[in-house]
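A short write-up of the structure that comes next.
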Amino acid sequence: MLPRLDSRDVSDLTGMSGPRKLYVKSFGCQMNVYDSHRMADTLAPEGYVETATPDDADLVILNTCHIREKAAEKVYSELGRIRNIKQQASQEGRRVLIAVAGCVAQAEGEEIIRRAPAVDLVVGPQSYHRLPDLLAQAAGRRVVDTEFPVEDKFDFLAPPAREKTRARGVSAFVTVQEGCDKFCTFCVVPYTRGTEVSRPVAKIVAEVERLAEAGVRELTLIGQNVNAYHGEGPDGGPWPLGRLLHRLAEVPGIARLRYTTSHPRDMDTSLIAAHRDLPALMPYLHLPVQSGSDRILAAMNRRHTRAEYAAVVAKLRDTRHDLAVSSDFIVGFPGESEEDFLETLSLVDEIGYASAFSFKYSPRPGTPAAAMEQVPEAVKVERLHRLQQAIDRHQAAFNARCLGKTFEVLFEKPGKRPGQLVGRSPWLQPVHALAPAALIGEIVPVTITEIGSNSLFGTLAVSSRHNEDSSAALAMAGA
Ligand code: SAM
Ligand code: SF4
C-alpha cells in the first residue's frame with residue numbers, strides 16, 4: 001500500500017492553498033456516477049469543493065467509460081479541451097491537475113499519458129480511495145495506478161456530508177456489487193472492473209441508513225451484475241440479493257427499491273419471490289438479453305437461450321402482474337445474419353418491452369469477439385434503426401396504456417414550467433404535474449392526462465380515486 005500523505009502535503013506540492021475547486025465529469029453508466037460522487041466525497045475533507053465547470057477548477061477528473069469505442073474516444077476529445085484550460089491557467093500562474101479515472105484508465109493505463117501528455121494522474125476504479133495520496137504524488141510527477149489492491153476501497157471512501165446527499169436528491173444509487181465473472185465475448189467489464197465482489201450487508205445497511213436520514217426515499221442498488229450479489233450477512237453466511245432487498249426495505253424512510261443491471265442466469269428464487277413479497281420493490285426490471293437468436297447468444301457466451309430468458313420473464317410476470325421489463329440489445333455482433341436479427345425483432349414483440357437500450361456492436365480490444373469476422377457498418381446502422389423502431393413502438397404502446405390511470409409518483413425536483421414538479425412512476429417514467437414544492441420527496445397519487453414522447457403529464461389525484469384505480473394501473477402495466 002502507498003504511504004499516506006495528509007492534505008497539507010497536497011497543498012505544499014501543488015502550490016495551492018485554501019479551498020480548491022474540483023470538476024468531475026462522468027461518462028457511461030450509473031456506477032460511474034456513483035463512483036464520481038464517492039471521489040468527490042473522499043476529496044472534500046482534503047479541501048476540494050465541487051464546481052460545475054472545468055474553467056475555474058484546480059483539479060479535473062474525467063471518470064471514463066470503455067464499453068464501446070465511441071465512449072472511449074469521447075474522453076480524448078474532452079482531454080483536448082481540458083488541456084487548453086490547463087494551458088490558459090498556467091499562463092495565469094495557476095496549476096491545474098488532470099486525472100483520468102474509470103474503465104478507460106484501467107484498460108489503457110500509460111497509453112493515456114502517451115496520447116494526452118497533459119494528464120497528471122491515471123487511476124483505475126479500484127484505487128479511488130487512494131486519490132488524496134495519488135494526487136500528492138501527481139503534483140511532482142505523472143502517476144498511473146491501475147492495480148486491483150487487496151484492501152476494499154469501500155472501507156476507505158468517505159461518506160457524503162448530509163447536505164450533499166440532500167442536494168443529490170431523493171433518489172440515490174448504492175453500489176452493492178462490482179465486477180463480473182461472466183465473460184460475454186463482446187464485453188470489457190471483466191477486464192476493467194475485475195472479478196465479482198459483493199459488499200457486506202452491514203456496510204450497505206449503514207450507508208442506506210445515512211442516506212435515508214438525509215431524506216433519500218428511493219434506492220437503486222447497482223452492480224455490473226447486481227443479481228449475482230452474495231455479500232456476507234450478519235450471520236456470517238452469504239446473502240442473495242432478494243434477502244438484502246428485504247433488509248433494506250426495513251430501513252425507516254426507504255419507500256422504493258430498484259436494482260440494476262441483472263443477468264438472466266442470476267434471477268434466483270429469492271429474488272423472484274422478493275418481487276411478489278416486497279411492495280417497496282418497484283415493478284420494473286432491466287434484464288438485458290442482447291439478442292433473440294440462440295446461435296448469437298451462444299457466440300456471445302451469454303449462457304442462456306432465448307427460451308430460458310422468456311421463461312424467466314414469464315415467471316417474474318406470474319409473480320408480479322404489473323412488472324414491466326426493459327433490456328439491452330446489441331446488433332451486428334460478429335456473424336449475425338438477417339435471420340438472427342429477425343429473431344431479435346421477434347423477441348422484442350414477444351416480450352413487449354416497456355423500454356430498451358440498443359447498441360451497434362463495437363469491437364473492444366482484447367475481447368474474443370473483436371477477433372471474429374465483423375458485420376459491415378452499414379448493416380449495423382440499418383439493423384439498429386429497425387430495432388429502435390420496434391422498441392419505440394412498444395414503448396409508445398406501454399406509455400399510451402397509462403392514459404387516464406392513477407398511480408403513485410415520487411416527486412424528485414421542480415419541473416421546467418413554473419409550479420410544476422417532476423417525479424417517477426413505479427415504471428420509471430418521468431411524470432410532470434402541477435404540485436407544491438413541499439411534495440418533493442413525497443409519494444403521491446397522480447392521474448395521467450397526457451402522454452408525451454418521453455414523459456407523462458398528470459394531475460394530483462384525490463386518494464379515494466387512487467384506491468379505485470390502482471388495481472387498473474396494475475393490470476395495465478403487465479401486458
Ligand atoms: N451486465 C450487463 C448484462 O449482463 O447485460 C451489462 C452491462 S454493460 C456495462 C451495458 C451494456 O452495454 C450491455 O448490456 C451491452 O448491451 C452493451 N455492450 C457491452 N459491450 C458492448 C460492445 N462491445 N458493443 C456494443 N455494446 C456493448
Ligand atoms: Fe459484460 Fe454483463 Fe456479460 Fe458481465 S454479464 S461480461 S458485465 S455483458
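Indexing begins at 1, ligand by ligand and atom by atom, following the structure's order.
When non-hydrogen atoms are compared, ligand 2 lies under 4.0 Å from the backbone of Phe183 (N, CA, C, O) but not from its side chain. At a 4.0 Å heavy-atom cut-off, ligand 2 does not touch Pro288 at all. Both the backbone and the side chain of Phe186 come within contact range of ligand 1, each with a heavy atom under 4.0 Å.
Contact annotation: Cys184 places no N, O or S atom under 2.8 Å from atom 1 (Fe) of ligand 2.
Residue contact check for ligand 1: Lys360 places a non-hydrogen atom closer than 4.0 Å to it. In this structure, Asn225 has no heavy atom closer than 4.0 Å to ligand 1.
Between Tyr76 and Arg115, the shortest heavy-atom distance links the atoms CE1-NH1, 3.4 Å.
Taking atom 4 (Fe) of ligand 2 as the reference point, the nearest protein heavy-atom neighbour is Cys180 SG, 2.2 Å. Residue, atom and distance of the protein heavy atom nearest to atom 1 (Fe) of ligand 2 are Cys187 SG, 2.3 Å.
The number of heavy atoms from other shown groups lying within 6.0 Å of CG (Asn454) does not exceed 12.
With Phe359 as the aromatic partner, Arg68 meets the cation-pi criteria of under 6.0 angstrom to the ring centre and within 45 degrees of the ring axis.
At a threshold of 4.0 Å, the pair Glu377-Lys360 counts as salt-bridged, since one of the basic side-chain nitrogens sits closer than that to a carboxylate oxygen. Look at Glu218 and Arg424 and you find no salt bridge, because none of the NZ, NE, NH1 or NH2 atoms lies under 4.0 Å from a carboxylate O. Look at Arg383 and Glu336 and you find a salt bridge, because one of the NZ, NE, NH1 or NH2 atoms lies within 4.0 Å of a carboxylate O, short of that distance. With respect to Arg386 and Glu382, a salt bridge is recorded, a charged nitrogen being found less than 4.0 Å from a carboxylate O.
The residue from Arg302, Arg265, Arg68 that puts a heavy atom closest to atom 4 (O) of ligand 1 is Arg302. Nearest residue to atom 5 (O) of ligand 1 from Gln290, His263, His66 is Gln290 (criterion: closest heavy atom).
A ring pair (Phe, Tyr, Trp, His ring centres under 6.0 Å) with Tyr361 holds for exactly one of Phe329, Phe186, Phe333, Phe341; it is Phe333.
The ligand atoms of ligand 1 that sit less than 4.0 angstrom from a heavy atom of Thr261 are 2 (C). Set against the non-hydrogen atoms of Ile67, the atoms of ligand 1 under 4.0 Å away are 8 (S), 9 (C), 12 (O), 18 (N), 19 (C), 20 (N), 21 (C), 22 (C), 23 (N).
The shortest N or O to N or O distance between Ser362 and ligand 1 is below 3.5 Å. Considering backbone and side-chain N/O of Asp328, one or more are found under 3.5 Å from N/O of ligand 1.
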